[in-house]
Amino acid sequence: MTLPIHQARAAIVDALAKHASVIIEAPTGSGKSTCVPSFLLDGGLAGHGIIRILQPRRLAARMLARRVAALRGGVLGDEVGYQVRFDNRTSARTRICFETDGISLRRITQSDPALRDTAILVFDEFHERHLFGDLMLGLATQLQSGLRPDLKLVVMSATLNTRELEAYLPGAKVIRAEGRTYPVEIQHIPPNAAFEKAPLWEQAAKMLPTALRHAPDGDVLIFMPGAYEINRTLQTLAHTPAASGRLLLPLHGSLPPAQQDQAAGTGAGSRRIIVSTNIAETSLTIEGVTAIIDSGLVRQAGYDPHRGINTLLTGKISQASAAQRTGRAGRTAPGIAIRLWTERDHQKRALHETPELLRIDLCETALQLKLAGIDDIAGFPWITPPQPQHIENAMVTLTLLGAIDRHGSITPQGRRMAAFPLHPRIARMLIAGDGKDCIPTLCLIAALLQEQSILLNSVDERIRERRRQLAGPEAASDLTLLINAWHFVRERQYTREAGDEIGVQLQAARTVEALQRQLLQIAESQGLYGYEKQPDMDCVYKAVLTAFPDRLAVRIAGDRCSLSGGRRGSTHPSSIVSRQHTLLVAADVQETTVGKNAVDVILSLITAVREEWIDDGFGASLHMRREVGLDTVQAGRVVAEEQTCFGDLVIRSRRRTEVTPDEAAYVLAREVVAGRLSIKAWDASVEEWIARINLVATHCPETGISAIGDEERAAMMEQMIHGAMGSKDVKHANVQPVLSQWLSPLQTATVETMAPNRIRIENGRTPRIQYNDPSGPFIAMRVQELYDTNTLPKLCNGAVRLKAQILAPNQRPVQITDDLKRFWSESYLQIRKDLRGRYPKHEWR
DNA sequence: CTCTCCCT
């Protein structure tokens with residue numbers, strides 16, 4: 001059979017012979033992943049070197065290698081091989097190697113920085129923009145312009161952001177090829193407020209009959225953002241007539257493999273409705289789907305570089321992602337895709353998904369680049385550069401972990417950490433266990449933290465009870481449950497019964513064993529020692545704290561905790577750590593959507609911490625603080641606390657009752673300024689006097705009088721209330737003595753002159769001046785009282801114009817002006833006309 | 001309303 005890509009064969013070989021890089025844009029089904037490597041090898045482009053095809057997924061690397069080996073009539077591992085984690089099927093004869101991008105990245109940073117044995121790097125599925133692929137492409141372009149001008153690059157993609165990539169690879173030849181799929185009709189919902197307000201699962205159920213009318217003979221695939229929405233959809237469909245007679249199946253990552261296979265395989269006769277997360281968008285292909293109902297939403301892990309916090313939020317998918325989901329309905333026959341968002345919404349959506357490197361914590365990336373000799377992280381040839389703040393956060397964390405020094409260079413400890421295929425925090429934890437007789441347990445914890453959770457999350461009460469028994473009473477760490485659960489199933493040879501008894505995902509538990517073994521080997525090669533029979537769990541937990549010192553938390557009440565940075569959060573409901581522990585460290589802190597529009601910070605994988613551990617490891621970061629404030633319980637008394645702080649987080653406070661009169665005055669005065677307490681004698685006339693002082697201070701700086709703000713008010717009040725020890729002593733404080741002595745006699749006289757209480761105007765009257773108005777000082781007078789006055793005096797040695805608020809006979813203001821002459825000649829005429837009729841007995845000139 | 005998905 002000939003695939004569409006064959007028509008491009010000559011063009012591809014020719015292009016790569018002449019250019020250092022080639023971009024191949026071809027949709028799914030074009031056969032590019034299986035064919036292009038052979039074109040290149042048979043075209044003689046690889047010389048004696050290896051063609052490495054980078055894949056984002058292990059499964060794809062294995063399957064493609066099998067298929068290509070078979071197509072070329074060879075044995076897997078001979079000419080054609082693959083390498084993924086824990087599984088290497090290559091030999092000295094291998095010329096075409098399918099490998100995961102993580103394997104390639106480790107090779108280039110750890111063992112072979114010049115990729116000496118490699119002739120061509122082929123990046124498959126590049127449009128998915130995974131972190132490792134992006135990094136590899138950057139490093140490969142650096143090699144091309146340095147050690148390896150002969151290295152050739154092929155970047156393949158279904159829907160490419162081609163312009164961005166062409167700009168990134170100047171001189172690259174672009175080749176486009178056709179795909180081969182069946183047409184899929186796309187229907188957006190029309191704008192309809194009532195429909196859009198209904199829950200997602202009801203929307204999906206309502207559109208089911210339309211989907212089935214267009215594609216009655218295939219399976220239906222419904223995309224939902226997460227497990228919760230999937231379960232609600234299944235419940236709704238169970239009562240939907242159109243769905244009757246069809247098999248209803250959930251599909252998401254935390255289902256046991258057997259259930260995933262049931263959804264991913266062919267239906268074997270009965271027609272199905274599969275409700276899935278994003279797992280069905282690229283990772284799993286479901287045969288026989290002809291109708292898609294797409295919620296258009298995705299739950300996505302992220303990282304907020306400004307707050308430095310991990311997130312897991314529900315968001316809208318991009319146009320490219322929607323197209324990919326749509327394509328899932330056209331693999332075997334023409335199909336239909338119903339999108340639960342409007343055409344207008346669609347046009348406003350992002351063209352592509354955000355590249356992973358902009359969405360995740362960059363600690364591990366930065367450390368790997370430092371190891372590769374790239375000290376200036378911002379200067380790396382990023383395809384899409386991360387924000388400076390984002391890089392800065394990684395530097396702060398790496399410094400905290402001792403992986404880089406204050407010049408930003410990698411330390412010997414940093415090199416040791418980078419040898420582990422782990423987040424630098426977790427690598428730091430292993431190193432903290434050096435010589436402490438707990439390395440195997442720490443390697444196990446590292447594997448458990450790094451991989452998907454081995455514990456199933458929706459389990460019944462019986463299993464929860466078994467888990468509580470397994471963790472023991474008054475558990476001090478959620479990690480203990482993970483460790484014990486893992487040992488439980490491993491000692492029983494990962495039998496189904498053992499897994500069911502405590503709700504463990506056996507596949508994940510097996511992966512943990514393989515990873516632990518790999519980590520132990522690396523630990524040995526890095527010279528870590530300490531191989532226990534019975535681990536000292538205190539040492540283990542201290543090592544955990546070393547990895548996450550900035551994720552220390554203090555329980556306030558129940559599930560609520562305070563974290564550093566003034567944040568609040570809740571412990572995860574699955575936590576088994578006893579409530580009596582108040583000082584905690586969380587290995588995972590994530591901001592998560594809760595409810596329709598709210599978010600909360602969730603702390604999981606919690607370990608109770610003893611204060612002396614902080615002293616041991618981070619004594620330098622601890623400091624004492626004396627905090628004085630109003631007692632919340634015994635209301636009104638000023639009390640003091642002695643606080644032990646770690647950064648800005650108060651980890652312990654001791655109540656102290658002795659408060660000095662100075663401290664009490666300080667606290668109470670600020671309560672008054674904030675408006676929560678009042679001094680009876682501090683009335684409007686006091687504020688008026690302050691306004692006069694401030695006017696002079698602003699406009700006559702030569703007098704040396706300074707303005708009175710909140711701090712100065714508080715300072716005055718401290719003197720007035722000195723000796724008061726509680727809020728009830730404040731009210732009758734004596735104001736005048738302090739107020740009158742605030743300024744020297746000369747300054748007081750200056751204020752009286754520059755900003756007098758009363759002032760004589762042209763017609764001989766002496767009105768009072770009102771100072772306490774944001775627009776400036778003014779006199780308020782009835783029209784008649786202003787007759788024979790054309791100019792107003794000035795204040796502050798002529799620097800401030802006095803205003804007149806002109807009142808009607810009933811004292812209502814009609815105008816405010818600082819130009820009386822103009823008033824008489826202009827607006828007065830109209831005002832007189834209006835008022836004369838109403839007040840005929842008054843004098844009107 | 002307990003947890004999207006990959007990878008060294």
Side-chain angles (χ1 to χ4, degrees), chain A residues 54-61 83-87 99-111 125 128-136 199 201 223-232 251-255 276-284 295 297-302 310-315 317 321 353 356 359-360 364-365 367-368 371 418-424 426-427 446-447 450-459 464 478 503 505 508 511 514-515 518-519 522 559 570-575 588 590 592-600 602-605:
Chain A
L54 278 54
Q55 291 292 331
R57 282 169 287 278
R58 291 179 204 162
L59 183 74
Q83 187 180 352
V84 299
R85 191 177 210 172
F86 310 129
D87 193 3
E99 58 191 36
T100 38
D101 43 21
I103 291 278
S104 320
L105 187 66
R106 271 200 102 60
R107 180 182 297 111
I108 202 170
T109 57
Q110 308 268 336
S111 58
E125 312 280 18
E128 293 185 20
R129 295 298 305 276
H130 293 283
L131 171 67
F132 292 160
D134 272 19
L135 289 176
M136 270 306 289
W201 39 91
F223 281 103
M224 286 286 157
Y228 172 73
E229 292 85 351
I230 288 173
N231 290 332
R232 294 302 299 259
L251 178 58
H252 54 83
S254 46
L255 287 176
S276 172
T277 59
N278 227 12
I279 196 171
E281 185 179 312
T282 46
S283 309
L284 290 180
S295 66
L297 300 177
V298 65
R299 196 116 65 227
Q300 201 168 44
N310 290 321
T311 56
L312 182 64
L313 303 173
T314 307
I317 61 170
S321 177
E353 292 300 298
E356 189 183 15
R359 287 188 353 235
I360 58 161
E364 194 175 355
T365 301
L367 188 59
Q368 288 298 320
L371 184 73
F420 292 93
L422 296 169
H423 189 283
I426 303 178
Q450 190 84 9
E451 290 301 305
Q452 268 190 321
S453 174
I454 63 165
L455 296 179
L456 290 164
N457 46 41
S458 46
V459 293
R464 276 199 288 273
D478 290 326
Q505 301 201 64
T511 307
L515 180 53
Q518 186 188 29
L519 295 175
I522 299 172
D559 288 346
S570 307
T571 57
H572 196 282
S574 70
S575 175
D588 189 33
Q590 213 167 40
T592 306
T593 319
V594 291
K596 190 128 181 114
N597 290 311
V599 293
D600 192 14
I602 303 291
L603 289 73
S604 18
L605 300 169

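Protein chains get the first letters and strands the later ones, always in sequence-line order, with residue 1 at the start of each.
- If you check every strand for non-hydrogen atoms under 4.0 Å, A/Leu105 touches nothing.
- Of the residues listed (A/Val84, A/Leu59, A/Leu105, A/Leu54), the one engaging A/Thr100 in a side-chain contact (heavy atoms from CB on, under 4.5 Å) is A/Val84, and it is the only one.
- In this entry the distance linking CD of A/Glu125 with P of B/dC7 reads 12 Å, nearest Å.
- When the side-chain nitrogen and oxygen atoms of A/Ser283 are compared with OP1 and OP2 of B/dC6, one or more of them lie within a distance under 4.0 Å.
- When the C1' atom of B/dC3 is taken as reference, atom CG of A/Asp588 falls 10 Å away, rounded to whole Å.
- Put simply, CD on A/Glu364 is 14 Å from P on B/dC7, counting in whole angstrom units.
- Counting non-hydrogen atoms under 4.0 angstrom, A/Arg107 reaches nothing in the nucleic acid.
- Checking the phosphate oxygens (OP1, OP2) of B/dC5, a side-chain nitrogen or oxygen of A/Thr277 falls inside 4.0 Å.
- Across all strands shown, A/His130 has no heavy atoms under 4.0 Å from either base or sugar-phosphate atoms.
- Along DNA chain B, the nucleotide closest to A/Leu284 and the one closest to A/Trp201 are compared, and the more 5′ of them pairs with A/Trp201.
- Rounded to an integer number of Å, the gap from CG of A/Asp134 to C1' of B/dC6 is 14 Å.
- Considering only side-chain atoms of A/Pro421, the nucleotide from B/dT8, B/dT4, B/dT2 that sits closest is B/dT8.
- Counting non-hydrogen atoms under 4.0 angstrom, A/Gln450 reaches a base of the nucleic acid.
- Dashed line: the shortest gap from a side-chain N or O of A/Thr100 to OP1 or OP2 of B/dT8 is under 4.0 Å.
- Straight-line distance from the CG atom of A/Asp478 to the C1' atom of B/dC3: 14 Å, rounded to whole Å.
- Regarding A/Asn231, its CG atom lies at a distance of 10 Å from the P atom of B/dT4, rounded to whole Å.
- Residue A/Gln110 comes nearest to A/Ala418 through the heavy atom pair NE2-O, 2.9 Å, listed as atom of the first residue, atom of the second, then distance.
- Summarising the geometry, the separation between CD1 on A/Ile317 and P on B/dC5 is reported as 15 Å, rounded to the nearest angstrom.
- Here the side chain of A/Leu312 is nearest to one of B/dT4, B/dT2, B/dC7, namely B/dT4.
- Here the closest non-hydrogen pair linking A/Ser453 and A/Gln505 is O-NE2, 3.3 Å.
- Side-chain proximity of A/Pro573 to B/dT8, B/dT4, B/dT2: nearest is B/dT2.
- Among the protein residues, A/Glu229 comes within range of no part of the nucleic acid, since none of its heavy atoms lies under 4.0 Å from any strand.
- In this entry the distance linking CD of A/Glu128 with C1' of B/dT4 reads 14 Å, nearest Å.
- Under 4.0 angstrom from either OP1 or OP2 of B/dT8 there lies at least one side-chain N or O belonging to A/Arg58.
- Side-chain contact between A/Leu313 and A/Gln300 is absent, with no heavy-atom pair separated by less than 4.5 Å.
- Residue contacts for A/Arg57: at a heavy-atom cut-off of 4.0 Å it reaches the sugar-phosphate backbone alone, with no base atom in range.
- The structure places CD of A/Glu356 at 8.5 Å from OG1 of A/Thr365, a figure rounded to the nearest 0.5 Å.
- Judged by distance alone, with hydrogens and angles left aside, A/Gln368 brings no side-chain donor or acceptor close enough to the base of B/dT8 to form a pair under 3.5 Å.
- In terms of modelled atom types and a separation under 3.5 Å, the side chain of A/Thr277 and the main chain of A/Gly226 share no donor-acceptor contact.
- Across all strands shown, A/Ala301 has heavy atoms under 4.0 Å from base atoms, whether or not it also approaches the sugar-phosphate.
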